[in-house]
Amino acid sequence: MSELVVIRKEGLYCVPGDFYIDPWRPVARAVITHAHADHARVGHGHYLAAAPGEGVLRARLGEITLQTLPYGEVIEHNGVRISLHPAGHVLGSAQVRMEYHGEVWVASGDYKVEADGTCAPFEPVRCDTFITESTFGLPIYRWQPQAAILADINQWWRRNADNERCSVLFCYAFGKAQRILHELDTDIGPIVCHGAVEPLNRSYRDAGIALPGTLAVSEINDKKLYRRALVLAPPSAAGTPWMRRFGDYSDAFASGWMQLRGARRRRAVDRGFVLSDHADWPGLLQAISATGATRIMVTHGHISVLTRWLTENGFEAGSFATEYGDEDDATIPSASLQQEVGDSYA
Ligand SMILES: [Zn+2]
Ligand SMILES: [Zn+2]
């Protein structure tokens with residue numbers, strides 16, 4: 001039987017459907033799983049994406065020919081039945097289900113199994129072959145429940161505010177920032193957002209996601225306000241002149257990579273909060289088994305470790321070499337990872 005999805009130099013390609021999933025080179029037809037820059041690129045002729053992601057996608061890509069599809073609704077293209085299903089990763093993120101002559105493949109894009117209140121929660125989709133990401137596909141990655149991490153963040157903020165010290169929390173501007181924002185305790189003080197974060201907040205609010213009120217630095221005339229403020233900023237703002245206005249501040253970084261001591265040290269922040277928009281190791285295994293798939297194709301992340309585990313546990317496992325990166329952190333801390341987990345994961 002010929003393969004329904006293969007890898008080409010442009011990206012993951014559905015052969016009978018003649019379309020690509022999250023291609024990294026310009027193509028005629030692209031199905032986009034979500035609007036992170038490594039998955040959604042400019043230059044394609046026609047885009048198909050989940051309806052809730054329309055705002056962020058358009059905001060990031062500008063003028064594109066975009067067709068949207070509500071979650072679960074089926075369209076047929078060249079004989080392939082295509083539908084999009086929530087991936088729980090960021091607003092509008094979707095898994096792509098493809099059915100052709102009774103065979104079903106699902107491409108996960110990026111996903112997270114814990115619901116977070118800012119996007120539709122992950123839904124397992126039955127399939128024969130599941131294409132899964134593996135960004136945090138190592139047994140060392142095990143997340144605490146989101147509620148516990150957000151309680152820690154609020155507590156850190158409150159303590160700083162009580163000491164009249166500004167709290168600066170670095171996190172990825174799209175997805176992570178809104179997820180944190182959604183759970184912040186607004187009784188503590190004002191919330192200030194960097195200019196890279198606020199446009200995304202607007203897209204979320206436009207999509208009906210309730211987020212607390214936020215201020216831009218240009219709206220703050222009295223610098224004393226910063227003493228009780230929490231500032232959400234992208235990692236790229238660290239060490240820039242933009243930071244000077246906050247005076248003596250405490251800083252922190254929220255990312256799945258914060259589980260690694262080396263990554264925390266390199267970031268040189270006061271606190272690291274382990275919060276990821278991707279599935280951890282148990283989450284990946286849970287999602288994979290929930291699909292009922294007998295064959296798993298692993299993409300970006302820790303391909304060799306996950307495929308080996310799957311093969312040893314009765315799955316037929318392979319991999320696709322993609323060009324997806326890690327939107328969570330521009331610098332994947334491979335050096336710190338090897339120090340901490342040893343060569344077996346290299
Ligand atoms: Zn992503
Ligand atoms: Zn990704």
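On a predicted model such as this, the values are computed, not experimentally measured, just so you know. Just so you know, these numbers use all the heavy atoms, side chains as well, and skip hydrogens, waters and symmetry mates. Counting starts at 1 for both ligands and their atoms, in listed order.
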Q. Should the ring pair Trp309 and Trp281 be called parallel, tilted or perpendicular, given that the plane angle runs from 0 to 90° and is split at 30 and 60?
A.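 Correct class here is perpendicular.
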**Q.** Parallel, tilted or perpendicular: rings of His34 and His36 (30°, 60°)
**A.**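 Perpendicular.
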Q: Of all N, O or S atoms in His36, identify the one at the shortest distance from the Zn ion (ligand 1).
A: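 In His36, the heteroatom (N, O or S) nearest the Zn ion (ligand 1) is ND1.
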Q | Considering only N, O or S atoms of His34, the one closest to the Zn ion (ligand 1) | A |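 For His34, the N/O/S atom sitting closest to the Zn ion (ligand 1) is NE2.
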**Q.** Residues forming a salt bridge (Lys or Arg N to Asp or Glu O under 4.0 Å) with Asp251, sequence neighbours excluded
**A.**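 Salt bridge (Lys or Arg N to Asp or Glu O under 4.0 Å) list for Asp251, sorted by chain: empty.
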(Q) Please determine whether His39 has a backbone or side-chain N, O or S atom lying under 2.8 Å from the Zn ion (ligand 2). (A)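 So His39 does bind the Zn ion (ligand 2) by this criterion.
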Q. Quick check: does His300 have an N/O/S atom under 2.8 Å of the Zn ion (ligand 2)?
A.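 Yes, since at least one N, O or S atom of His300 sits under 2.8 Å from the Zn ion (ligand 2).
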Q: Please step through side chain to side chain contact (heavy atoms under 4.5 Å, CB included) for the pair Ile21 and Met98, ending with a clear verdict.
A: CA-CA 11 Å; Ile21 301 160; Met98 292 153 283; 3.6 Å; yes
Q: Report yes or no: does His278 have an N/O/S atom closer than 2.8 Å to the Zn ion (ligand 1)?
A: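 Checking His278: none of its N, O or S atoms is under 2.8 Å.
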Q.
With a cut-off of 2.8 Å, does Asp110 put an N/O/S atom close enough to the Zn ion (ligand 1)?
A.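 Coordinating: yes.
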Q. Does Tyr71 have any ring-ring contact (aromatic ring centres under 6.0 Å, His included) partners at least two apart in sequence or in another chain, and if so, which?
A.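 Per chain and number, Tyr71 pairs via ring-ring contact (aromatic ring centres under 6.0 Å, His included) with no residue.
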